[in-house]
Amino acid sequence: MVGVVSPQEALAKAQDVGLDLVEVSPNATPPVCKILDYGKYKYQMQKKANEARKKQKIVEVKEVKIRPGIDTHDFDIKMKNVFRFLDDGDKVKISMRFRGREMEHQHLGMELYDKVKELVADKAKIENDAKMEGRQAIMIIAPIAS
């Protein structure tokens, strides 16, 4: 800790020691500088960034396809997959395709989506509620961050 010195004096001190003058906090008043080896400093910052990149989780969107007339056992298996995806920290896209006369009974599909909402209420939040896009209804749920 030297205190407040002129830039020329700081550069002269850095050259005497054989190191670089690095501006650490340019927005501070007065700007904060350190005398250190800039190459080593850059290397450490790069290592820190790489370590942070390794630890971050890439969130994927997993898709589960269901039908309006799905059987209870099949629905249970699909929901088990949904819970597994949510536990892994991934978002889940639940898509339901309506074919032929199923378009006349879209309320059955929406009732199925309501059942899904009840089951995942404590583990996930609804990111995009179920809405029709042509002959397909899509709902996206994301895990609750803990």
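We count residues from 1, following the sequence as given. Because only heavy atoms are used, hydrogens play no part in the values below, and waters and symmetry mates are left out as well, while side chains stay in.
Counting heavy-atom neighbours within 6.0 Å of Lys34 NZ, excluding the residue itself, gives a total of 12 or less. Around the NE2 atom of His107, the shell of radius 6.0 Å holds more than 12 heavy atoms that belong to other residues, nucleotides or ligands. Atom CZ of Arg67 has more than 12 neighbouring heavy atoms from other residues, nucleotides or ligands inside a 6.0 Å radius.
The side-chain heavy atoms of Gln8 and Leu11, taken from C-beta on, include no pair separated by under 4.5 Å. Looking only at side-chain heavy atoms (C-beta outward), Ile141 and Val82 come within less than 4.5 Å of each other. You'll find the side chain of Glu51 reaches within 4.5 Å of the side chain of Lys55, heavy atoms only. Residues Asn128 and Lys93 form no side-chain contact, since every pair of their non-hydrogen atoms from C-beta on lies 4.5 Å or further apart. Proximity of Asp129 to Lys117: side-chain heavy atoms (C-beta onward) are separated by under 4.5 Å at one or more points.
When every heavy atom of Phe83 is checked against every heavy atom of Val120, the shortest pair comes out as CE2-CG1, 3.7 Å. The nearest pair of heavy atoms linking Lys91 to Glu127 is NZ-OE1, 3.1 Å. Closest of all the heavy-atom pairs between Ala10 and Val5 is CB-CG2, 4.0 Å. Of all non-hydrogen atoms in Tyr113 and Met96, the two that sit nearest each other are OH-N, 3.4 Å. The two residues Ala137 and Met110 make their nearest non-hydrogen contact at CB-CE, 4.0 Å. The minimum heavy-atom distance between Gly134 and Met103, with the atom names listed, is O-CE, 3.9 Å.
By the criterion of side-chain heavy atoms lying less than 4.5 angstrom apart, applied directly or through intervening Ile, Leu, Val, Met, Phe, Trp or Tyr residues, Tyr41 is not grouped with Leu19; the two fall into different hydrophobic clusters. Cluster annotation: Ile94 and Met132 are assigned to the same hydrophobic cluster (Ile/Leu/Val/Met/Phe/Trp/Tyr, side-chain heavy-atom contacts under 4.5 Å, transitive). Grouping the Ile, Leu, Val, Met, Phe, Trp and Tyr side chains by contacts below 4.5 angstrom, directly or via other members, places Ile140 apart from Leu112. No path of Ile, Leu, Val, Met, Phe, Trp and Tyr side chains, each step under 4.5 Å between heavy atoms, connects Val24 with Met45, placing them in separate hydrophobic clusters. In the hydrophobic clustering of ILVMFWY residues, with side-chain heavy atoms under 4.5 Å counting as a link, Val64 and Met79 come out together.
Ion pairing of Lys13 with Asp16 is absent here, as no side-chain N (NZ or NE/NH1/NH2) approaches a carboxylate O to less than 4.0 Å.
In terms of modelled atom types and a separation under 3.5 Å, the side chain of Lys78 and the main chain of Lys65 share a donor-acceptor contact. Formation of a donor-acceptor pair under 3.5 Å by the Asp20 side chain with backbone atoms of Tyr38 is found in this model. With Glu104 contributing its side chain and Arg101 its backbone, the two residues share no donor-acceptor pair below 3.5 Å.
Atom CZ of Arg53 sits about 5.0 Å away from atom CG of Asn50, to the nearest 0.5 Å. Distance CE/Met139 to CD1/Ile66: 7.5 Å, rounded to 0.5 Å. The CG atom of Leu86 sits 11.5 Å away from the NZ atom of Lys62 when rounded to the nearest 0.5 Å. If you take CD1 on Ile70 and CG on Leu108, they are separated by 13.0 Å, rounding to the nearest 0.5 Å. Rounding to the nearest 0.5 Å gives a distance of 7.0 Å between NZ of Lys115 and CG of Leu119.
Annotation: side-chain contact (heavy atoms from CB on, under 4.5 Å) contacts of Glu133 (sequence neighbours excluded): Lys131, Ile138.
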